[in-house]
Peer 1: 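Once you've had a glance at the structure underneath, I'll fire off some questions.
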Amino acid sequence: DGGITQSPKYLFRKEGQNVTLSCEQNLNHDAMYWYRQDPGQGLRLIYYSQIVNDFQKGDIAEGYSVSREKKESFPLTVTSAQKNPTAFYLCASSAYYTGELFFGEGSRLTVL
Amino acid sequence: KNEVEQSPQNLTAQEGEFITINCSYSVGISALHWLQQHPGGGIVSLFMLSSGKKKHGRLIATINIQEKHSSLHITASHPRDSAVYICAVRETSGSRLTFGEGTQLTVNP
């Protein structure tokens with residue numbers, strides 16, 4: 001079945017460590033997105049990519065980095081420069097022509 | 001002011017009631033999505049609309065492009081409908097999505 005897989009589902013990190021969240025899709029979607037969600041708040045865009053080897057900053061890109069070396073994969077690195085990284089992270093993908101939109105199950109990052 | 005406004009923020013209903021959640025937006029859009037987020041956090045897309053009305057089971061979504069307004073209706077609500085419902089618009093200018101802050105729906109038995 002087609003879909004988006006995020007891993008890990010839960011992650012604990014010490015302050016000062018970088019951590020990478022994985023997002024893989026087998027839907028052949030062109031666009032992929034990373035969002036951050038804090039308790040009681042809406043989704044905020046971190047980065048998005050419309051094609052391989054290209055990506056754009058979203059509204060809260062500081063302290064994060066991404067890569068898009070393959071169409072299927074869009075990993076997000078939360079760096080030590082991100083001042084408040086504890087949050088729920090969601091990856092999504094969409095098809096350019098149909099606009100269909102899929103989300104992963106999310107990754108919950110806690111910084112100890 | 002947010003570009004996408006949802007109302008109400010919170011909604012509590014009794015099982016069987018008819019529910020309406022509203023979404024207003026201020027930008028030009030190519031499509032509007034209604035999404036459902038369950039307590040575990042995962043999000044599923046319920047509808048994508050660019051005009052008119054769509055129905056899936058007990059869920060109905062409508063959009064009025066001229067008034068920049070969409071509604072999500074749930075008929076014969078059930079406790080399993082309890083979730084956060086999110087409106088998201090795809091702007092005509094590109095691939096970005098803009099999200100409302102969500103409506104927390106609780107349906108009591």
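Just so it is clear, the model here is predicted, and its values are computed rather than measured. Protein chains get the first letters and strands the later ones, always in sequence-line order, with residue 1 at the start of each.
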Peer 1: Quick check on A/E105 against chain B: is it the side chain, the backbone, both or neither that has a heavy atom closer than 4.5 Å?
Peer 2: both
Peer 1: Tell me, yes or no, whether the heavy-atom count around A/E62 atom CD, taken from other residues, nucleotides or ligands under 6.0 Å, exceeds 12.
Peer 2: no
Peer 1: Are A/F103 and A/Y89 connected, step by step, through hydrophobic side chains (Ile, Leu, Val, Met, Phe, Trp, Tyr) whose heavy atoms are closer than 4.5 Å?
Peer 2: no
Peer 1: What heavy-atom pair brings A/L101 and B/S45 nearest, and what distance separates the two atoms?
Peer 2: O-CB, 3.5 Å
Peer 1: Taking all heavy atoms of A/Q37 and all of B/Q37, pick out the closest pair and write down the distance.
Peer 2: OE1-NE2, 2.8 Å
Peer 1: Among the clusters formed by ILVMFWY side chains lying less than 4.5 Å apart, do B/V107 and B/I60 turn up in the same one?
Peer 2: no
Peer 1: Non-hydrogen atoms of chain A under 4.5 Å away: do they reach the side chain of B/I43, the backbone, both or neither?
Peer 2: both
Peer 1: Given the rule that I, L, V, M, F, W and Y join up when any side-chain heavy atoms are under 4.5 Å apart, are A/Y35 and A/I4 in one cluster?
Peer 2: no
Peer 1: Tell me which of these, B/Q6, B/E101, B/R90, B/Q104, has more heavy-atom pairs under 4.5 Å with chain A than the rest.
Peer 2: B/R90
Peer 1: Please classify the contact of A/L45 with chain B as side chain, backbone, both or neither, using a heavy-atom distance under 4.5 Å.
Peer 2: side chain
Peer 1: Please flag which part of A/Q56 lies under 4.5 Å from any non-hydrogen atom of chain B: side chain, backbone, both or neither.
Peer 2: neither
Peer 1: Quick check: is A/F88 connected to A/V78 through a chain of hydrophobic side chains (ILVMFWY, heavy atoms under 4.5 Å apart)?
Peer 2: no
Peer 1: If you count every heavy atom of other residues, nucleotides or ligands that lies below 6.0 Å from B/Q9 atom CD, does the total exceed 12?
Peer 2: no
Peer 1: One pair to check against side-chain contact (heavy atoms from CB on, under 4.5 Å): B/L97 and A/L43. What are the steps and the verdict?
Peer 2: CA-CA 10 Å; B/L97 293 161; A/L43 279 72; over 6 Å; no
Peer 1: Go through the atoms of A/R44 and report whether side chain, backbone, both or neither lie under 4.5 Å from a heavy atom of chain B.
Peer 2: neither
Peer 1: So which part of A/F102 gets closer than 4.5 Å to some heavy atom of chain B, the side chain, the backbone, both or neither?
Peer 2: neither
Peer 1: Do A/F74 and A/L11 land in one hydrophobic cluster if side-chain heavy atoms of ILVMFWY residues count as linked below 4.5 Å?
Peer 2: yes
Peer 1: Please report the interatomic distance NE2(B/H33) to OG(A/S94), rounded to the nearest 0.5 Å.
Peer 2: 7.0 Å
